[in-house]
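The analysis underlying the following values was restricted to heavy atoms, covering all of them including side chains, and did not include hydrogens, waters or symmetry mates. Keep in mind the model is a prediction, meaning the values are calculated, not measured. First the proteins, then the strands, lettered A, B, ... as listed; each starts at 1.
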Amino acid sequence: MSLTSDDVKRVAKLARLGLTEAETTETLTQLNSILGLVDQMQQIDTNGVAPLAHPLELKQTLRADAVTETNQRDKFQAIAPQADQGLYLVPRVVE
Amino acid sequence: MYEAVIGLEVHVQLSTDSKIFSGSSTHFGAEPNTQASLIDLGMPGVLPVPNAKAFEMAVKFGLAIDAEIGQESIFDRKNYFYPDLPKGYQISQFEKPIVGPGRVTISLDDGTTKTINVTRAHLEEDAGKSVHDAFDGMTGVDLNRAGTPLLEIVSEPELRSAKEAVAYLKVIHSIIRYLDISDGNMAEGSMRCDCNVSIRPKGSDTLGTRTEIKNVNSFRFVEKAINTEINRQIEILEDGGRVIQETRLYDPDKDETRSMRSKEEANDYRYFPDPDLLPVVLDDSFISACRDALPELPEARKARYINDYGITDYDAGVLVADRDVADYFADVANTSGEGKLAANWVMGSVLAELNQTGGAITDFAVTAKQLSDLIARIKDNTLNSKTAKTVFEALLASEGEVDAIIESKGLVQVTDTGAIEAIVDEVIAENPDQVANYRAAPEDKQGKMLGFFVGQVMKKSQGKANPQAVNQILSAKLSG
């Protein structure tokens, strides 16, 4: 399977990445070479092998339901590009 | 003729103290962003750690709907871009949800029941909130809600009308309230509903193109939104058009749905397993502990109420729908020892009042103790149905306790035969024409005519005479 430059543009748009034509071409080459590797892996017979959701064969640890975080809004908002009345401000998004 | 095919996706906010992947508080109504930690903000290098309580609640729900529990469940990333989702993806469950296929039973208007299959229920995190109108050219973002645990419950498209959809939603609401896993408050967004609606010619077994109505926030609006959407789709097909698959919003003011965005692109969520989270494996002891902690559920309670209190299937269904109402009724029925009367009063007066005021039974002015006192006074003939109503209204207005109200309003029922006889004599003396008519009438007409005299006697006694005694004495005196 290989991608076209339209695929790259569509994925970039979904991720809100602004790629130049040159970057699009370069990304296309890189992604296609990764997909080539995936194609190679697809050749392996995995019949009877259960899909693996995570490379580490471990179980997730759960935590108890307790509030452990304190309010650090001022620190977080000090590094935000813009904040007002406690809200983070971003360019307007219209639904 | 068309038939509607409806499936619901219900999002339920779980009432944990902390968020699903961080130790931030989920408390409602805090100052903006004071409950948004590094994890909720999606800062680089942080790791989510799932909340055990959220799993406990999800498993309880699964057990309550007789579902398969996913002993191994996996978190996936659902990728989309929106400012109130700082990571650029929502952690959700895709291929292996915590709750697999289950079922609930809904009651239909004609008295029959129908089983609705639940496809799955999965855990995910809620997004933050955007404020679009408060800043010039900017959108404000509050991330307090980001990371609040949600259980998304997906039904099979087996609902065939807006009424069935509402009945299903009410059953889900009833179950989550009984389990106490969410406050289920639709107006505040703790329970939200997306409705997938399509239509097809009756008898056809292929599915039409569906639209999804997002975030409908009351039972009434779910019914109206679905009906409006069904009619819109019928009109399109009748005009020879085609329904487009899209997301729509319901506008309750105009009672119409309108297009939100085309789903083709928005739907490309590029799910993949979240590498930050390992598979969650629940052992048998975790699940059996959840099972042991299950409360009595609505269906079981309904059967018990029918049996213990001798009330009808319909009455029991109404009374158990809300856990707090069910508790209140049981309290009244147990204290007064009168199941049937308690059911009549709770359904006829208490629920009617709550429906009108929109209040909660837990804050209701008339306590279960007061209502059972009132019923005791009906039982011992101190009150008749008319004076009992007066006392109930006084209780609603917080005018005091039952006996004090009866005393101060002079409502004690007159059962003294002598006193009633005196009034009956007066009425007979004052209405010679009616008396003559009555006596001349054939016996089968007299019963109906007696009503006039009963009314007069009750009026003279200011509603306090015992109606049975009045009837008896009147018929005796009139015939004699």
Side-chain angles (χ1 to χ4, degrees), chain A residues 1 3-4 6-19 27 31 34-35 38 41 49-95, chain B residues 16-19 22-27 30-41 43 49-56 72 74-76 79-83 86 88 95-96 130-132 134-143 249 260-261 265 268 270 273 275 277-281:
Chain A
M1 180 192 167
L3 300 176
T4 66
D6 279 348
D7 293 324
V8 174
K9 283 177 185 158
R10 196 176 60 87
V11 174
K13 191 184 168 207
L14 286 172
R16 301 300 192 274
L17 295 174
L19 300 186
T27 307
L31 286 176
I34 293 170
L35 286 174
V38 173
M41 291 193 288
V49 181
L52 199 62
H54 200 282
L56 302 178
E57 287 197 76
L58 296 169
K59 291 193 296 186
Q60 177 66 47
T61 306
L62 305 179
R63 47 169 252 280
D65 179 30
V67 176
T68 52
E69 295 285 347
T70 52
N71 173 21
Q72 301 194 65
R73 185 175 77 179
D74 291 347
K75 278 190 195 163
F76 300 149
Q77 297 203 333
I79 57 165
Q82 223 180 325
D84 191 12
Q85 296 167 42
L87 298 165
Y88 295 93
L89 295 192
V90 298
R92 169 166 291 173
V93 277
V94 182
E95 299 226 282
Chain B
T16 53
D17 291 332
S18 65
K19 292 187 177 174
S22 83
S24 303
S25 170
T26 55
H27 187 76
E31 284 291 301
N33 291 307
T34 55
Q35 294 175 176
S37 68
L38 291 170
I39 289 174
D40 313 317
L41 294 174
M43 288 293 177
V49 186
N51 185 336
K53 186 96 182 169
F55 276 87
E56 196 184 304
E72 183 185 79
I74 289 164
F75 283 109
D76 298 271
N79 297 280
Y80 67 92
F81 194 90
Y82 206 74
E95 266 183 43
K96 292 187 123 184
S130 299
V131 182
H132 295 295
F135 304 94
D136 189 29
M138 306 291 276
T139 290
V141 181
D142 175 9
L143 295 168
L249 275 181
M260 199 169 136
R261 61 179 178 225
E265 192 167 79
D268 189 355
R270 294 148 293 146
L277 288 153
L278 295 157
V280 177
V281 180

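Among the candidates B:G88, B:S25, B:A134, B:P279, the residue making the largest number of heavy-atom pairs closer than 4.5 Å to chain A is B:P279. Contact tally against chain A (heavy-atom pairs below 4.5 Å) for B:L38, B:T26, B:D76: the top residue is B:L38. When the candidates A:Q60, A:E69, A:Q82 are compared by the number of heavy-atom contacts under 4.5 Å with chain B, A:Q60 comes out ahead.
Residue contact with chain B, scored on non-hydrogen atoms closer than 4.5 Å, involves the backbone and the side chain of A:A53 alike. Contacts of B:K19 with chain A are made by backbone atoms alone, with heavy-atom separations under 4.5 Å and no side-chain atom involved. Only the side chain of B:L41 comes within less than 4.5 Å of a heavy atom in chain A; its backbone stays farther off. Looking at B:P50, the atoms closer than 4.5 Å to chain A (heavy atoms on both sides) sit in the backbone and in the side chain alike. For A:D84, the parts sitting under 4.5 Å from any heavy atom of chain B are the backbone and the side chain alike.
Using modelled atom types, one finds no donor on one side chain facing an acceptor on the other under 3.5 Å when comparing B:S130 with B:T139. With 3.5 Å as the limit, one finds no donor-acceptor pair spanning the side chains of A:D65 and B:T16. Between A:R63 and A:T68, the side chains place no donor N or O within less than 3.5 Å of an acceptor N or O (distance only, hydrogens not considered).
Residues A:V90 and B:P83 share a closest heavy-atom pair of CG2-CB, 3.8 Å.
The CE atom of B:M260 sits 5.0 Å away from atom CG of B:L249, with the distance rounded to the nearest 0.5 Å. A distance of 8.5 Å separates CG in A:L52 from CD1 in B:I74, rounded to the nearest 0.5 Å.
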